[in-house]
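Following: one structure in structure tokens, then a few remarks.
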Protein chains: 2
Amino acid sequence: MGMNVRTLCLSILYFQEATGYEIRKLSTEGRFSHFVDASFGSIYPALGRLEQDGLVTSREETQIGKPARKIFSITEAGRQTFIEELNQPPSQDVFRSEFLMIGMCAELVDAPRIAAAIETRLGQLDAELEHITSVLEDCEHPGTRWVCEYGLHCISSSKDYLTKNRARLEAIAEQAAAARDAAE
Amino acid sequence: MGMNVRTLCLSILYFQEATGYEIRKLSTEGRFSHFVDASFGSIYPALGRLEQDGLVTSREETQIGKPARKIFSITEAGRQTFIEELNQPPSQDVFRSEFLMIGMCAELVDAPRIAAAIETRLGQLDAELEHITSVLEDCEHPGTRWVCEYGLHCISSSKDYLTKNRARLEAIAEQAAAARDAAE
DNA sequence: TAGGCCATGTAACCGGTTACATGATTAG
DNA sequence: CTAATCATGTAACCGGTTACATGGCCTA
């Protein structure tokens with residue numbers, strides 16, 4: 001399956017009607033934010049194509065004092081398409097980390113900068129933990145809960161390791177700096 | 001910093017001279033494969049631009065029975081640029097998982113398909129563990145070793161959790177199927 | 001009164017992939 | 001004889017981001 005904005009829209013609309021604006025909120029803050037962080041520039045065109053292809057329909061709702069909303073609903077064809085995609089074996093996870101690149105090149109970075117990078121990374125992990133916790137708090141959906149708990153486990157395990165082993169990484173930078181000093 | 005192919009090339013050339021072909025090998029199989037999985041179509045243009053910008057130089061080496069190789073070396077300006085990039089605080093990791101999407105929608109998938117998806121995922125994790133282990137075996141570089149050990153920890157922790165908690169996910173699919181049957 | 005939220009959409013750009021083009025050597 | 005490995009490079013395409021365009025309401 002293609003973990004793209006199109007599929008993201010379909011996955012959200014499977015469970016609820018939504019506007020493009022709401023889909024973006026769900027994808028950046030809500031229970032779908034583990035997968036994609038889609039922007040308006042990709043969501044609106046994706047919804048347009050989905051409608052052309054007959055996988056969703058839309059109706060407009062005028063509001064007083066607010067812009068009109070265009071509410072999208074999934075069609076039966078859309079449901080079928082999404083379920084077919086779900087039944088494909090999952091492709092490999094994508095993981096890209098600048099922090100690991102810095103870690104790998106620790107010898108080239110000042111010791112305090114390495115410490116700062118670790119601090120930044122720990123902060124990011126904390127923010128992710130907090131976010132998942134808040135999703136869990138007001139979500140009864142069993143699949144989502146399972147995924148959140150899995151995420152919580154992985155991230156806190158990663159945080160633990162980093163906390164306990166950061167000194168070894170910082171030592172690499174310090175030793176390299178000392179070796180450079182000695183060479184002068 | 002921008003974890004793009006340009007930076008990948010710079011990071012490799014910081015430690016060794018290399019051809020475009022070798023950079024691709026390193027990025028898909030070697031010790032750099034945790035970050036990017038770059039293709040020729042992005043590497044060769046990136047090297048060209050890097051040379052234009054004076055961050056790398058190249059010399060050609062003709063070989064008997066093989067095509068000529070274009071060997072790239074980093075310049076002093078290239079070294080400086082890379083170190084400056086390394087000293088920037090790391091941006092958030094990127095993580096995209098089709099498996100988690102399937103898990104979140106477990107209720108919509110046949111129980112045997114969920115089991116198959118878990119099996120696929122476990123296989124991917126095993127492959128990653130094996131790959132990192134093989135990198136560790138013939139690499140003495142301390143930063144790389146630290147990163148590999150970190151990766152090993154995170155992936156085996158993820159694998160453990162999945163092995164121990166897969167039944168709960170499979171149960172979601174089974175219960176949903178049972179509920180659908182009862183509704184008929 | 002400044003900034004954030006609601007709400008839709010387009011256009012320019014960018015960083016990548018895939019496929020194509022070429023061609024000799026070597027191992028199975 | 002076939003497929004893989006070595007080796008470079010281009011062109012078409014694609015899926016996304018960022019910025020722009022518009023505009024009213026509400027809150028600090």
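Proteins come first, then strands; the chains are lettered A, B, ... in the order of their sequence lines, and each starts at number 1. Side chains are part of it too, since the values below use all heavy atoms of this structure and drop only hydrogens, waters and symmetry mates.
- Checking side-chain atoms of A:E51 against main-chain N and O of A:S58 turns up a donor-acceptor pair under 3.5 Å.
- Summarising the geometry, the separation between CE on B:M3 and C1' on D:dG16 is reported as 18 Å, rounded to the nearest angstrom.
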Give me, pair by pair, the N or O atoms of the protein and of nucleotides 7-12 of chain D that are less than 3.5 Å apart, along with how far apart they are.
residue, atom, partner, partner atom, Å
D:dA7, OP1, B:Q63, OE1, 3.3
D:dA7, OP1, B:Q63, NE2, 3.0
D:dA7, OP1, B:R69, NE, 3.2
D:dT8, OP1, B:K70, N, 2.9
D:dT8, OP2, B:Y21, N, 3.0
D:dT8, OP2, B:Y44, OH, 2.8
D:dT8, O5', B:Y44, OH, 3.4
D:dG9, OP1, B:K70, NZ, 3.2

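- Taking atom CZ of residue A:R96 and atom C1' of nucleotide C:dT17, one finds them 13 Å apart after rounding to whole Å.
- The shortest side-chain heavy-atom distance between B:F95 and A:S97 does not fall under the 4.5 Å cut-off.
- Whole-Å rounding puts the B:I23 CD1 to C:dG16 P distance at 14 Å.
- Seen from the ring of A:Y161, A:R166 does not count as a face-on cation partner, given the 6.0 Å and 45° thresholds.
- Contact between the side-chain N/O atoms of A:K25 and the OP1/OP2 oxygens of C:dA7 is not found at any separation under 4.0 Å.
- Side chains of A:S158 and B:Y150 form a contact here, defined as non-hydrogen atoms less than 4.5 Å apart.
- By the 6.0 Å and 45° rule, B:R79 stacks over the aromatic ring of B:Y14.
- One interatomic measurement links the two molecules: CZ of A:R24 to P of C:dC5, which rounds to 10 Å at whole-angstrom precision.
- Residues B:I102 and B:R113 form no side-chain contact, since every pair of their non-hydrogen atoms from C-beta on lies 4.5 Å or further apart.
- Over its full length, the helix from C:dT1-D:dA28 to C:dG28-D:dC1 turns its helical axis through 40°, comparing axes from the five pairs at each end and rounding to 10°.
- Between the CG atom of B:D37 and the P atom of C:dT18 there is a distance of 9 Å, rounded to whole Å.
- Annotation for A:E130: atom CD does not count as buried by contact number, only 12 or fewer foreign heavy atoms lying within 6.0 Å.
- The number of heavy atoms from other shown groups lying within 6.0 Å of CZ (B:R49) does not exceed 12.
- Between A:L8 atom CG and D:dG15 atom P the separation is 15 Å, expressed in whole Å.
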